[in-house]
Amino acid sequence: MPDPTPAPHRVKPRVFIDADVLFAGSASPSEQGASLIVLRMAEITLIEAYTSQQVLTEVERNLEAKLPQALPAFRLLVSRCLKIVPDPTQEDVQDHIGLADVTDLPILVAALQAQCAWLVTFNTRHYRPGHATVQVLPPGDFLLRVRDLLIQLG
């Protein structure tokens, strides 16, 4: 049975994109890579994808050093499919010490502040024990979850 909720009141899944996924999506040699597919889902408005300024800075720096030819694709993806949230303050990060690796904790906190239910990253072990409201998954596993939810609709 179709959802009777009017379309403007439905909320799209909010997904936080980590640097490694954005890097992989920008540098993807094919259209079938899981990272690029997640970003394309945001581009066609199936999900709302968020990232932080820290993530953008890291990806830009790494692409400039390793794959400068991928910078135009990176910038296009950012402009088309990502909402950029501010980096959390030191105080905000301090309130969550122990939930993730020290270097990745600001990313988890940014995902929390953006009210994202998902954090998509290849470095899932860096986000342990994590936070109860944010599920951390690699891109392929996130896509499998989406597929399972679509199957349930049929």
Side-chain angles (χ1 to χ4, degrees), residues 2-28 31-60 62 73-154:
D3 185 349
T5 307
H9 299 290
R10 292 185 189 148
V11 177
K12 290 183 238 173
R14 295 168 76 104
V15 180
F16 197 92
I17 307 297
D18 199 1
D20 54 356
V21 174
L22 187 52
F23 183 97
S26 300
S28 180
E31 291 290 317
Q32 286 79 37
S35 296
L36 184 58
I37 291 171
V38 171
L39 294 167
R40 294 280 189 234
M41 289 173 65
E43 187 174 17
I44 63 172
T45 71
L46 290 176
I47 62 173
E48 287 196 17
Y50 293 82
T51 199
S52 65
Q53 190 59 53
Q54 176 185 343
V55 167
L56 293 179
T57 301
E58 179 181 338
V59 174
E60 182 123 7
N62 287 331
F74 161 72
R75 292 179 181 130
L76 186 61
L77 282 169
V78 169
S79 70
R80 286 186 173 175
C81 64
L82 290 173
K83 295 179 182 186
I84 302 161
V85 297
D87 294 331
T89 66
Q90 275 300 105
E91 295 80 30
D92 293 334
V93 172
Q94 291 294 321
D95 291 342
H96 295 88
I97 295 243
L99 295 182
D101 183 84
V102 161
T103 57
D104 290 310
L105 187 56
I107 305 305
L108 178 62
V109 174
L112 285 166
Q113 291 176 338
Q115 300 176 338
C116 293
W118 309 88
L119 192 160
V120 179
T121 182
F122 288 103
N123 295 319
T124 58
R125 71 184 187 288
H126 293 186
Y127 295 95
R128 290 188 185 133
H131 192 276
T133 63
V134 178
Q135 192 163 17
V136 180
L137 292 172
D141 288 356
F142 176 75
L143 292 177
L144 289 173
R145 293 283 173 94
V146 170
R147 183 184 69 184
D148 290 344
L149 291 171
L150 290 172
I151 289 170
Q152 290 175 14
L153 293 175

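What's counted below: heavy atoms across the whole structure, side chains too, no hydrogens, waters or symmetry copies.
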Identify, with sequence neighbours excluded, every residue that meets side-chain hydrogen bond (donor to acceptor under 3.5 Å, both in side chains) alongside [X].
X: Arg145; value: Gln135
X: Ser79; value: none
X: His96; value: none
X: Thr133; value: His131

key: Residues in side-chain contact (heavy atoms from CB on, under 4.5 Å) contact with Ile44, at least two apart in sequence or another chain   = Leu46

ask   = Considering residues at least two apart in sequence or located in another chain, which fulfil the side-chain contact (heavy atoms from CB on, under 4.5 Å) criterion with Gln32?
value = Ser30

Taking the side chain as every heavy atom from C-beta outward, state whether [X] and [Y] have any pair of such atoms under 4.5 Å apart.
X: Leu99; Y: Val109; value: no
X: Phe16; Y: Ser52; value: yes
X: Glu58; Y: Leu22; value: no
X: Val55; Y: Ile17; value: no

inquiry  = Could you measure the distance from the CD1 atom of Ile107 to the OG1 atom of Thr51? Nearest 0.5 Å is fine.
reply    = 6.5 Å

Reported CD1-to-CZ distance for the pair Ile47 and Arg40, which is rounded to 0.5 angstrom = 12.5 Å

Would you name the heavy atoms of [X] and [Y] that are closest together and state the gap between them?
X: Pro139; Y: Ala34; result: CB-CB, 3.7 Å
X: Pro138; Y: Thr124; result: CD-CG2, 3.6 Å
X: Leu119; Y: Ala111; result: CD1-CB, 4.0 Å
X: Ile37; Y: Glu31; result: CG1-O, 3.8 Å
X: Gly25; Y: Leu39; result: CA-CD1, 4.0 Å
X: Val21; Y: Ser35; result: O-CB, 3.4 Å

If you look only at distance, which donor and acceptor atoms sit under 3.5 Å apart when one is on a side chain in residues 81-93 and the other is two or more places apart or in another chain?
unit_1: Lys83; atom_1: NZ; unit_2: Glu48; atom_2: OE1; d: 3.2
unit_1: Asp87; atom_1: OD1; unit_2: Gln53; atom_2: N; d: 3.3
unit_1: Asp87; atom_1: OD1; unit_2: Gln54; atom_2: N; d: 2.8
unit_1: Asp87; atom_1: OD2; unit_2: Gln54; atom_2: N; d: 3.4
unit_1: Thr89; atom_1: OG1; unit_2: Glu91; atom_2: OE1; d: 3.4
unit_1: Thr89; atom_1: OG1; unit_2: Asp92; atom_2: N; d: 3.1
unit_1: Thr89; atom_1: OG1; unit_2: Asp92; atom_2: OD2; d: 3.0
unit_1: Asp92; atom_1: OD2; unit_2: Thr89; atom_2: N; d: 3.4
unit_1: Asp92; atom_1: OD2; unit_2: Gln113; atom_2: NE2; d: 2.8

inquiry  = Per the side-chain hydrogen bond (donor to acceptor under 3.5 Å, both in side chains) rule, what does the pair list look like for residues 14-25, sequence neighbours excluded?
reply    = Arg14-Tyr50, Asp18-Thr121, Asp18-Tyr127, Asp20-Thr121, Asp20-Asn123

For residues 147-154, tabulate all N or O donor-acceptor pairs below 3.5 Å that involve a side-chain atom, not counting sequence neighbours.
none

Pairs meeting criterion salt bridge (charged side-chain N to carboxylate O under 4.0 Å, His left out) with involvement of residues 119-133, two or more places apart = none

key: Selection residues 99-125 - residue pairs positive for ring pair (Phe, Tyr, Trp, His ring centres under 6.0 Å), sequence neighbours left out   = Trp118-Phe142

note = The salt bridge (charged side-chain N to carboxylate O under 4.0 Å, His left out) partners of Glu60 (sequence neighbours excluded) come to Arg75

request  = Let me see the working for Met41 and Val146 under side-chain contact (heavy atoms from CB on, under 4.5 Å), right down to the final yes or no.
outcome  = CA-CA 10 Å; Met41 289 173 65; Val146 170; 3.9 Å; yes

